[in-house]
Amino acid sequence: MVSRRVVVGGAVAVVAAGAGLHVAGRDDDVLRALGARPRPMPDAADSRLLERAAADQAALATSVEGLRDVETDDLVTVLRTQLQGLGGAPDGAPSPSTTSSDVATVVADLNRTAGRRQTDALAAVSPDLARVLASLAAGQSQVARTLGRRAGGA
Amino acid sequence: MAGPSPVGPLQRRLALEHEAVWLTSLSAGRFGDLADAARAALGRHERARDALVARVAAAGATPVGPQAAYGVPPRSVDQARGRLADLAERMCRATVPLVALGSAEDRREAVQSLRASALEATSWGAAPSAFPGLDRS
């Protein structure tokens with residue numbers, strides 16, 4: 001059985017890019033099949049960064065999915081792909097209090113979360129995790145910009 | 001113990017900045033619809049180019065220079081947008097390796113540059129990507 005532990009770059013697209021991603025936990029054979037590199041002793045601080053990223057990502061995806069006045073299907077796909085790349089949603093669904101039906105609020109949340117991931121990328125011990133978090137932040141910023149434009153913002 | 005040398009990745013990024021200076025300058029001059037955005041991008045890429053030249057030289061290497069041209073110039077606004085978006089996405093791919101090389105300040109610069117390149121790609125019409133610079137497509 002594959003337990004839910006910490007995975008960076010589980011997403012096929014990321015692993016397929018040959019980024020040599022840092023992976024900690026999960027069944028080693030599964031990880032090797034994905035092209036990722038198992039590491040039995042993850043840095044505890046990195047694990048926390050990753051878990052926080054996954055929790056934030058689940059909330060973001062839920063928020064954007066809940067918007068009704070703007071086209072979001074492609075953006076939700078991007079956010080869900082990011083979540084998959086972080087190893088999937090953590091135990092416990094995002095709290096309803098973390099979601100909003102207001103586009104401007106969601107855009108602000110996206111930008112704030114991207115800023116947190118940038119900060120986390122600077123703090124990550126693993127170079128692989130730093131690259132993934134930096135890229136994740138960049139992708140979240142793209143989603144925020146696109147969503148803002150569709151809603152009539154700059 | 002010294003880490004891997006960042007010179008190779010810096011040179012690859014510098015080569016793209018040279019291309020960006022060429023393409024944004026040309027786009028600003030030829031396409032009125034893009035003039036303001038291309039001029040603003042040109043300024044950013046000139047500053048990035050100069051900073052990279054300094055970093056490569058400080059590392060003891062000779063910075064790569066620009067080519068005379070980078071293919072056939074775009075003939076339409078749509079072509080220019082497509083080329084600019086593609087270039088920004090290539091910059092993302094060239095910047096990701098720099099996140100894990102060099103000092104803490106170098107990492108900070110790389111993280112910020114990656115975000116800037118990703119947003120530039122979007123501004124020229126690229127669709128959002130889950131992991132800019134890491135995606136294969």
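Predicted model, so just to flag it, every value in this text is computed and none were measured. First the proteins, then the strands, lettered A, B, ... as listed; each starts at 1.
- Rounding to the nearest 0.5 Å places CG of B:Leu98 at 10.0 Å from CZ of A:Arg131.
- Shown are A:Leu79, A:Leu147, A:Thr146; of these, the side chain to side chain contact (heavy atoms under 4.5 Å, CB included) with B:Pro128 is made only by A:Thr146.
- There is no contact between A:Ala114 and chain B, counting heavy-atom distances below 4.5 Å.
- Taking CZ of B:Phe131 as the reference point, atom CG of A:Leu86 lies at 5.0 Å (rounded to 0.5 Å).
- B:Trp22 and B:Leu14 fall into different hydrophobic clusters, where Ile, Leu, Val, Met, Phe, Trp and Tyr are joined by side-chain heavy atoms under 4.5 Å apart, directly or via other members.
- Distance check, rounded to the nearest 0.5 Å: CG of A:Asp128 to CG of B:Leu134 gives 9.5 Å.
- Heavy-atom minimum distance, B:Val99 versus A:Ala134: CG2-CB, 4.0 Å.
- For the 3.5 Å distance criterion, the side chains of A:Arg145 and B:Thr122 fail to qualify, holding no donor opposite an acceptor.
- Between the B:Arg107 side chain and the A:Ala121 main chain, a donor and an acceptor come within less than 3.5 Å of each other.
- Criterion: ILVMFWY side-chain heavy atoms under 4.5 Å apart, direct or through other members. Under it, B:Tyr70 and B:Leu26 are part of a common hydrophobic cluster.
- Interface residue A:Leu75: only side-chain heavy atoms are found under 4.5 Å from chain B.
- Neither A:Val76 nor A:Leu83 shares a network with the other; the hydrophobic side chains, linked directly or stepwise wherever heavy atoms of I, L, V, M, F, W or Y lie under 4.5 Å apart, form separate groups for each.
- Closest heavy-atom contact between A:Pro127 and B:Ala100: CB-CB, 3.4 Å.
- Contacts with chain B were tallied for A:Ala144, A:Gly139, A:Ala137, A:Ala138; A:Ala138 has the most, counting heavy-atom pairs under 4.5 Å.
- When the side chains of ILVMFWY residues are joined at heavy-atom separations under 4.5 Å, either directly or via intervening members, B:Met91 and B:Val96 end up in two distinct hydrophobic clusters.
- Listed for the A:Gln142 side chain is a donor-acceptor partner under 3.5 Å among the backbone atoms of B:Ser129.
- The nearest pair of heavy atoms linking A:Ser141 to B:Arg115 is OG-NE, 2.9 Å.
- Hydrophobic clustering (side-chain heavy atoms under 4.5 Å, transitive across Ile, Leu, Val, Met, Phe, Trp, Tyr) keeps B:Leu87 apart from B:Val21.
- With a threshold of 4.5 angstrom between heavy atoms, B:Ser117 does not approach chain A through any atom at all.
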